[in-house]
Number of protein chains: 2
Amino acid sequence: MARKRFDDSNCSVARALNEVGDWWSLLVVLHAMYGIRRFVDFQQELGIARNILCDRLARLVDNEVLKKVDVGEHGSRFEYRLTEKGRDLFPIVIALRQWGDKWNPAPDQTPLDLRDRETGRAILPVEVQDADGKPLTVRDVFVPEGSDTGIEKKTPDGKKSA
Amino acid sequence: MARKRFDDSNCSVARALNEVGDWWSLLVVLHAMYGIRRFVDFQQELGIARNILCDRLARLVDNEVLKKVDVGEHGSRFEYRLTEKGRDLFPIVIALRQWGDKWNPAPDQTPLDLRDRETGRAILPVEVQDADGKPLTVRDVFVPEGSDTGIEKKTPDGKKSA
DNA sequence: TCAATATGGTTGCTTAAAGAAACCAGATTA
DNA sequence: TAATCTGGTTTCTTTAAGCAACCATATTGA
């Protein structure tokens, strides 16, 4: 692949993608959220090559998205569990899921129906909201002067990047 | 890379990742949201190889995330603009950005300060919410019986996947 | 009018990552 | 004490990413 490294990027989206933005990592996290914890289970559920799974799990552990826990029980020895950082990917995964359900629905599949454990009611679509909870689109927002989007502006010609 | 195709996956997250889940696509979308529209600008801002950019733009157009518009003005001929489907990635990009800012802050960079154009107030963190707007973690939700997470359950041994 | 430049690519080569399958070592079970 | 399960590692092949050169069209500018 000869991939470009984003480690040193000044864009935190790029840095985030560097940790969980490859083909498998986010699917591993998703399955971890669904309760998968063991190597073989990830491997079978995802159909991922074992060496790649090894690599991804190790990287997710390095990046503190997962933690590797030694559980001494019968035959199974390790579990990969989400850290707080990993659980914090929840809105991203759900937003991705909702986007997929909305724009690429599988004919044979019902959209994800996630419900609040307490009330039993369905969750809302994940949105960007203003301070009052009003949904915002990309057109409703701006980056204040003096702040930074994290991408280089090149404004000699009057082009603006935000 | 010899990547696995997720086109036919019954998991909409996998299908979403198939469209925007590679290294560059989401960054292209991000920059489009910041106002970038032209081939050369994407190329310079992202530092992406031109053939890869070609490929990604074409795929994003194919997937109707971007549309290619012929603008006959001086020298520049095409613009790549977000479609509604593309703009709908806003929560995902922002959530990713906020996650990156929170967990991998760049020492020299302030977190993204996005503000509502109308009120001038900062946006909220992107969250999963219940019907009342109460934030939910992955631990607060469940998948009702009869619904489907989109991953295969393998429950002969009592393991549950949701 | 003709050269210089910008735009939006394409082509060919090299490098590196993904995938498949075989192999392996420690622990458990039978 | 052999079979099995676990969580890997190794080797090899395939494919995509990155780089740099090239190219056709359109515009400017002298």
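By convention in this document, chain letters (A, B, ...) are assigned in the order of the sequence lines, proteins followed by strands, and residues within each chain are numbered from 1.
- Here the side chains of A:Tyr80 and A:Val28 are not in contact, with every heavy-atom distance at 4.5 Å or above.
- B:Tyr80 places its OH atom 13 Å from the P atom of C:dT7, with the value rounded to the nearest Å.
- Classification of B:Asp70 and B:Lys68 as a salt-bridged pair fails, no side-chain N sitting under 4.0 Å from a carboxylate O.
- Note: CG (A:Asp70) to C1' (D:dG7) measures 11 Å, nearest angstrom.
- Between the CD atom of A:Gln43 and the C1' atom of D:dT6 there is a distance of 12 Å, given to the nearest Å.
- The side chain of A:Val40 lies closest to D:dT6 when the candidates are C:dG19, C:dG8, D:dT6.
- For C:dG8, its base never sits under 3.5 Å from the side chain of B:Arg38 at any donor and acceptor pair.
- In this structure, A:Arg56 places its CZ atom 4 Å from P of C:dA18, rounding to the nearest Å.
- Side-chain proximity of B:Ile52 to the nucleotides D:dA17, D:dC19, C:dA20 is greatest for D:dA17.
- Separating the CH2 atom of B:Trp24 from the C1' atom of D:dC19 is a distance of 13 Å, rounded to the nearest angstrom.
- Taking the charged nitrogens against the carboxylate oxygens, A:Lys134 and B:Asp116 do have a contact shorter than 4.0 Å, which makes a salt bridge.
- Listed nucleotides C:dG9, D:dA26, C:dG19 differ in distance to B:Arg77; the shortest reach to its side chain belongs to D:dA26.
- In this structure, A:Ile48 places its CD1 atom 14 Å from P of D:dT9, rounding to the nearest Å.
- At C:dG19, none of the side-chain N or O atoms of A:Trp23 fall inside 4.0 Å of OP1 or OP2 (strictly under the cut-off).
- In this structure, CG of B:Asn51 is placed 16 Å from P of C:dT15, rounded to the nearest angstrom.
- Among A:Arg15, A:Glu19, A:Glu64, the one residue that satisfies the side chain to side chain donor-acceptor pair (under 3.5 Å) test with B:Asn104 is A:Glu19.
- Among the heavy atoms of the strands, none lies under 4.0 Å from A:Phe42.
- Distances were taken from every side-chain heavy atom of A:Phe39 (C-beta onward) to each of D:dC19, C:dG9, D:dG7; the shortest belongs to D:dG7.
- Looking at the side chain of A:Phe78, the nearest of the listed nucleotides D:dG7, C:dG19, C:dG9 is D:dG7.
- Side-chain atoms of B:Arg50 come within donor-acceptor range of the base of C:dG9, with a qualifying N/O pair under 3.5 Å.
- Nearest nucleotide to the A:Ala49 side chain, out of D:dG8, C:dG19, C:dT11: C:dG19.
- The one candidate from A:Leu57, A:Leu53, A:Asp55, A:Ile48 that meets the side chain to side chain contact (heavy atoms under 4.5 Å, CB included) condition with A:Trp24 is A:Ile48.
- Spacing between atom CG of B:Asp22 and atom C1' of D:dA16 amounts to 11 Å, rounded to whole angstrom units.
- Looking at the side chain of B:Lys68, the nearest of the listed nucleotides D:dG18, C:dG9, C:dA20 is C:dG9.
- The base of C:dG8 has none of its N or O atoms less than 3.5 Å from a complementary donor or acceptor on the side chain of B:Asp41.
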